[in-house]
Each structure stands twice: as structure tokens, then as C-alpha cells.
Amino acid sequence: MKLLTANRLNDGRVVYLGEADAVVEAIDAARPLDEAAAEAALAQAQSRPSVFVNPYLIEVEGRAPTGRDRLKERIRSAGPSVGHSLGFATRNETA
């Protein structure tokens with residue numbers, strides 16, 4: 001099975017394709033796709049550049065990433081790995 005993932009254009013957040021072609025932020029809400037549906041979903045996402053930036057397919061078991069990029073995809077699905085970077089930037093601007 002596969003999931004479609006990308007970054008959202010307006011804020012750069014990691015997004016997935018969910019049910020009814022909805023854009024979802026949680027990997028648990030992503031819609032698993034078989035090979036044929038995955039290719040069709042990828043083509044559709046590529047035609048929506050105002051939402052999906054650089055969409056691609058990832059291999060999953062259930063909704064857990066597998067394959068050679070599994071570590072990268074687990075990190076992406078968990079969110080930013082730099083802690084509270086927005087709070088850090090705000091503190092530095094006021095100093």
C-alpha cells in the first residue's frame with residue numbers, strides 16, 4: 001500500500017491525501033492506496049500546485065512508513081524536529 005504526501009504551499013507543513021481527496025496533516029488520517037489508485041492520486045495532486053508542493057508516494061504497512069525512506073518519513077510524520085523553533089525566533093527578535 002502507499003500514501004501520498006507533500007508539503008502544503010501556504011505554510012510548508014507536511015500533508016497527506018485523505019478520504020474524499022481531503023488534505024490532512026496526520027499520517028493516521030491519510031488514505032492508503034493500492035498501486036493503481038496511488039498513481040492516479042499522484043497525477044491529481046501534481047495538478048493541484050496551489051496545495052501540494054512536490055507530491056510523492058511512500059510505501060506503508062498500515063500507515064507506518066516502510067522501505068528505504070522509512071526513517072525520513074517517520075520524522076516528517078511526527079512534525080518539526082527542531083523543537084519550538086517559532087518560540088526561539090520570537091525570543092531572539094525581542095532581545
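- Qualifying side chain to side chain contact (heavy atoms under 4.5 Å, CB included) partners for Ala64, counting only residues two or more places apart in sequence or in other chains: none.
- A donor-acceptor pair is defined here as one N or O able to donate and one able to accept, closer than 3.5 Å; no such pair exists between the side chain of Asp69 and the backbone of Lys72.
- Just one residue in the list Thr5, Ile27, Ile75 forms a side chain to side chain contact (heavy atoms under 4.5 Å, CB included) with Pro65, and that residue is Ile27.
- Atom CD of Glu25 has more than 12 neighbouring heavy atoms from other residues, nucleotides or ligands inside a 6.0 Å radius.
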Report the C-alpha separation of Tyr56 and Leu4 in whole Å, then their side-chain angles, then the decisive distance to 0.1 Å, and conclude whether the side chain to side chain contact (heavy atoms under 4.5 Å, CB included) test is met. CA-CA 6 Å; Tyr56 62 96; Leu4 185 134; over 6 Å; no

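- With respect to the salt-bridge test (charged N to carboxylate O, under 4.0 angstrom), the residues Asp21 and Arg31 qualify.
- Between atom OG of residue Ser47 and atom CD of residue Gln44 there is a gap of 6.0 Å, rounded to the nearest 0.5 Å.
- Separating the CZ atom in Arg68 from the OG1 atom in Thr66 is a distance of 12.5 Å, to the nearest 0.5 Å.
- Ionic pairing of Arg70 and Glu73 is not present here: no N-O contact between side-chain nitrogen and carboxylate oxygen is shorter than 4.0 angstrom.
- A chain of hydrophobic side-chain contacts below 4.5 Å, direct or via other Ile, Leu, Val, Met, Phe, Trp or Tyr residues, connects Val51 to Leu57.
- In this structure, the side chain of Arg8 does not engage the main chain of Val53 through any donor-acceptor pair within 3.5 Å.
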Test side chain to side chain contact (heavy atoms under 4.5 Å, CB included) on Tyr16 and Val23; report intermediate values, then the result. CA-CA 6 Å; Tyr16 302 92; Val23 177; over 6 Å; no

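- The heavy-atom pair separating Ala6 from Pro55 by the smallest distance is CB-CA, 3.6 Å.
- Note on Leu9: it does not cluster hydrophobically with Val15, by side-chain heavy-atom contacts below 4.5 Å among ILVMFWY residues.
- Not counting sequence neighbours, the partners of Val60 by the side chain to side chain contact (heavy atoms under 4.5 Å, CB included) test are Met1, Leu3, Ile58.
- The shortest heavy-atom contact between Gly12 and Asn7 is O-ND2, 2.8 Å.
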